Structure formats: C-alpha cells, structure tokens
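In listed order, ligands and their atoms are each counted from 1. Since the structure is predicted, the reported quantities are computational estimates derived from the model, not experimental observations.
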Amino acid sequence: MQFIFEPHPYRVIFGAGTLGRVNEELNRIGTRALVLSTPEQKADAAALADGLGPMAAGLFTDAVMHVPVPTVDAAVARAVELKADCVVALGGGSTIGLAKALALRLELPTLAIPTTYAGSEVTPIWGLTENGVKTTGRDRRVLPKAVIYDPELTLTLPVGMSIASGLNAIAHSMEGLYAFDGNPIVTLMAEDSIRALAASLPVIHKDPTNAAARAEALYGCWLAGSVLGAASVALHHKLCHTLGGSFDMPHAQTHTAVLPHAIAYNAPAVPEAMERASRALGGGDPATRLYELAAGLGAEMSLAKLGMPREGVAIAAKLAVSNPYPNPRPITEEGITHLLEHALDGLPPVAC
Ligand code: NAD
C-alpha cells in the first residue's frame, strides 16, 4: 500500500441550529465581513448581516453560476470600498465560488455557510468564467477557514435540486473510490457519503422537511466534497465538464444523467471500488442501482431532454479522447459513443 494524505486545515461546525454560532465563529477570522449571496438568497443574507451587527461591513448579493469575472470585479470593489477584512458566503456553489475568487484576489479569509449539496466549500478547486470560457484550478488559499453546516438551511432547497445536487455529490465519491491518487481516508469518506446520500435522498423526496434526512444528506455532502477536494476525478467528471461547456447543460442534472453510464464503463477495471459502492448502495450492481435511485426520485435521465443535441454524441466522444487524463479504463471513442448514446435517450446503463 502506498499513498499521500494531505489534510486540509479548515474547521467544521455541523448540526441543526449551528447558524446561531456564526458570530462566535466569525470572531475567530475577522472583524468586518462582506456577506455574499445570490440575488435569490438576498433576504437570508440581509438577516444574517443584521445578526452580525458591527461585524458585518455590508452585503454583495449578485453571485451567479460559474463565477463570471465581471461579478468578481464588482465584489472586489465592494470589499475594498467597505474595508472588509473577511468574507461570509451564504449559499451554494455559486456563492462559495465567488468567495474563493475573493480569497485569491484579496487574500480575505472566508467563513462558508453552504445551503446546497455541491460540496465546493471543502475543495481547493476554484473556477472563473471569462468571455464564456471557464477556467478551473486548485489552490489551497481558496479554502475557507471554517464551514458552518446547518441542515436547517437546506429545508428550503427544492426537492428536484436536492436530488440532483445530492447525486452530483455521490458522483464525487464514486470517482473518489477509484481515483489514481486516492488514499484510505478518501475511500472511507467516499463509501460513507454514498451510503448517507443513498439513504437520505429518498426520504427527502417524500418529505423535504424531514430534519434527520436533511442532516444525513448534508453530512454525506461534506464527505463527498472532502473526497473531491482530496482526490482527482476521472471519466465521469471530465465528460460532464465537456457536456456542460459544449452544450450549456445544467451542472447537477447532467451529473445525475451521466453517472450510471460512466460507472458502468469503468466498473470492469475497478472491482474493489465497485464492491464498496455496492455495499454503500444497499447491494447489487452500482451502475444499475444509481440509475434506479435517480430515476426513482424523478430525476431526468435523458441528456437529450437536458438539452444535448443528438449530433453532440460524436462531438463529445471526440473531445473525450482528444485530451487524455488518468482513468481506470482506457477511454475509446467507440466506448464513449456507446455510453453517450444510452445516456442521451435516458436508457438504463449497460456494460460496454
Ligand atoms: P447554486 O449555488 O448556483 O444555487 C442554485 C440556486 O439555488 C440559486 O438561486 C441559489 O440561491 C438557490 N439556493 C441555494 N440554496 C438554497 C436553499 N437552501 N433554499 C432555496 N434556494 C437555494 O447551485 P450549486 O449546485 O450549489 O452550485 C453550482 C456551482 O458550483 C457550479 O458553478 C459548479 O461548477 C460549482 N461547484 C464547484 C465546486 C468546486 O469544488 N469548486 C464543487 C461543486 C460545484
């Protein structure tokens, strides 16, 4: 056995009602916070800033998907104008992505308060979009100093988004199970996150206000984000990135539709990972179980219905082989074409 393990130094405060500890936590990292949110979560951000009193320097509530550079410029200007010395990010991957951009530009420490299951708050991965092109990279400086995971904040996350976001998190862990640079801690986190999410998402689907299931799902997402932050991704994430960029497809939903097929493709090369995944998913073939789980929770499984044109199959298959990266099974144009044709029509995964 050989591995490298490099833990990230952030503090996690987890549990229902932990938002009530935000002043105490902020006190550890700064004195004048710029509070970030999307326009949709502006009222929550304003209430949070009110509660922070003099520790809130002001608000910036224009965070949007994929961190456009003009949005970062405006947030930087606001932080400088308000003489902010730290950032509080309340929201999903879009808001936390903006906080990461501020950490890179101004070196401001961040307190992250995630309200979706994206997991970005515990990864050193940043993204920026300029003139329609998204660039990503890894830099430990973008990690928050602390993360408050309060499952009560996820009670309002719409069911469809909860399911897609939760399956997106499962995807991080599935690929963590066979990452070329994984380690025993990544494996443990990955397996338990798949178990927690596969158990809680069906309960949330029936009753989005179930507090125990919301807590279990958020716990699973913390682990899944930690896996994504610690190990490299492979075929599944690369394919989703290509589809998102080429056909402007929705992030979490695309992950949901592709995942069973990507796992069916890689499964023959990684029997031990599949044994763990099967255990976490309650038995059976992991690719089939993931398909049944997602489809059973009403997720859209057809890439065509998510906006992918039929001629996109050939384009995406060519792109997949043009830019090599580590994957447990060699990536062939023929294999990816077969995989995408099934995903395009929302069919169950088949071994190929
Ligand atoms: P999001 O942050 O874009 O949120 C989607 C919408 O849901 C927004 O309008 C938001 O205000 C709203 N919302 C969030 N939480 C809510 C809640 N509890 N109740 C009601 N509404 C709520 O969505 P996301 O899926 O969390 O993030 C997607 C972005 O994150 C993408 O740009 C993706 O690339 C990025 N991401 C980055 C990483 C990373 O490690 N860097 C990881 C995962 C995702």
Side-chain angles (χ1 to χ4, degrees), residues 8 10 19 35-48 60-68 71-72 89-101 103-104 110 112-129 134-144 147-173 175-176 193 204 208-209 214 217-218 221-233 236-238 240-245 248-256:
H8 295 139
Y10 55 79
L19 184 64
V35 180
L36 306 180
S37 77
T38 59
E40 295 79 18
Q41 288 175 289
K42 188 176 180 170
D44 296 332
L48 178 63
F60 182 88
T61 58
D62 291 332
V64 287
M65 190 85 99
H66 302 315
V67 202
T71 307
V72 179
L90 176 73
S94 298
T95 305
I96 287 161
L98 179 60
K100 289 177 163 182
L104 277 181
T110 301
I113 310 175
T115 63
T116 71
Y117 301 144
S120 174
E121 63 283 350
V122 286
T123 81
I125 304 165
W126 55 264
L128 275 178
T129 304
K134 186 167 180 179
T135 315
T136 60
R138 281 184 182 249
D139 191 320
R140 288 165 70 95
R141 285 178 300 163
V142 306
L143 281 164
V147 184
I148 293 182
Y149 282 107
D150 185 342
E152 287 179 358
L153 300 176
T154 61
L155 292 173
T156 51
L157 192 63
V159 173
M161 169 106 187
S162 302
I163 302 305
S165 194
L167 277 146
N168 183 190
I170 291 181
H172 304 334
S173 291
E175 292 224 302
S193 79
I204 291 170
T209 64
R214 286 293 190 178
L218 197 59
C221 290
W222 164 50
L223 294 181
S226 305
V227 168
L228 180 66
S232 295
V233 293
H236 168 76
H237 282 76
K238 302 284 182 181
C240 291
H241 189 83
T242 301
L243 298 179
D248 195 25
M249 297 178 65
H251 178 83
Q253 289 82 350
T254 302
H255 271 265
T256 302

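The two residues V122 and V147 come nearest to each other via the heavy atoms CG1-CG2, 4.2 Å. Taking each heavy atom of P39 and A63 in turn, the nearest pair found is CD-O, 3.4 Å.
At least one side-chain heavy atom of T254 sits under 4.5 Å from a side-chain heavy atom of P250. Side-chain contact between W126 and T136: absent, with no pair of heavy atoms (C-beta onward) separated by less than 4.5 Å. Looking at heavy atoms from C-beta onward, L90 lies in side-chain contact with T115 at the 4.5 angstrom threshold.
Considering only residues two or more places apart in sequence or on other chains, T61 meets the side chain to side chain donor-acceptor pair (under 3.5 Å) condition with none of them. Not a single side chain to side chain donor-acceptor pair (under 3.5 Å) links T154 to another residue, sequence neighbours left out.
Considering only non-hydrogen protein atoms, atom 20 (C) of ligand 1 sits nearest to T156 O, 3.5 Å. Given atom 9 (O) of ligand 1, the protein heavy atom at minimum distance is E40 OE1, 3.0 Å. Here the protein heavy atom with the shortest distance to atom 32 (O) of ligand 1 is H66 ND1, 3.0 Å. At the top of the distance list for atom 26 (O) of ligand 1, counting protein heavy atoms only, stands T116 OG1, 2.6 Å. Shortest contact from atom 38 (C) of ligand 1 to any protein heavy atom: S120 CB, 3.4 Å. The protein atom (non-hydrogen) at minimum distance from atom 31 (C) of ligand 1 is M65 SD, 3.6 Å. If you check which protein heavy atom lies closest to atom 15 (N) of ligand 1, you get T115 OG1, 2.7 Å. The protein non-hydrogen atom at the shortest distance from atom 16 (C) of ligand 1 is Q41 NE2, 3.4 Å.
Taking all heavy atoms of G93, A45, P158 into account, the minimum distance to atom 27 (O) of ligand 1 is reached by G93.
By the 3.5 Å distance cut-off applied to N or O atoms, S94 is counted among the residues near ligand 1. The distance criterion of under 3.5 Å between nitrogen or oxygen atoms is met by K134 with respect to ligand 1. Polar contact with ligand 1: absent for M161 (N/O pair, distance under 3.5 Å). Of the polar atoms of T123, at least one N or O is found under 3.5 Å from an N or O of ligand 1, judged by distance alone. Looking at T38 next to ligand 1, an N or O pair under 3.5 Å apart turns up. Inclusion of I125 in the set of residues having an N or O under 3.5 Å from an N or O of ligand 1 is warranted.
Remark: ligand 1 atoms within the under-4.0 Å shell around heavy atoms of K100 are 39 (C), 40 (O), 41 (N). Listed by number with element, the atoms of ligand 1 under 4.0 angstrom from any heavy atom of H251 are 33 (C), 34 (O), 44 (C). Each of the following atoms of ligand 1 lies closer than 4.0 Å to a heavy atom of G92: 2 (O), 26 (O).
With T123 as the fixed residue, the side-chain hydrogen bond (donor to acceptor under 3.5 Å, both in side chains) test singles out one of H8, R138, K100: K100.
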Can you check side-chain contact (heavy atoms from CB on, under 4.5 Å) on L104 and L128, steps first, answer last?
-> CA-CA 11 Å; L104 277 181; L128 275 178; 5.8 Å; no
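Atom NE2 of H66 has more than 12 heavy atoms from other residues, nucleotides or ligands within 6.0 Å. A 6.0 Å sphere centred on NZ of K42 holds no more than 12 heavy atoms belonging to other residues, nucleotides or ligands.
A side-chain donor-acceptor contact under 3.5 Å links S226 to the backbone of W222.
Of all the heavy atoms of L153, the ones lying under 4.0 Å from any atom of ligand 1 belong exclusively to the backbone.
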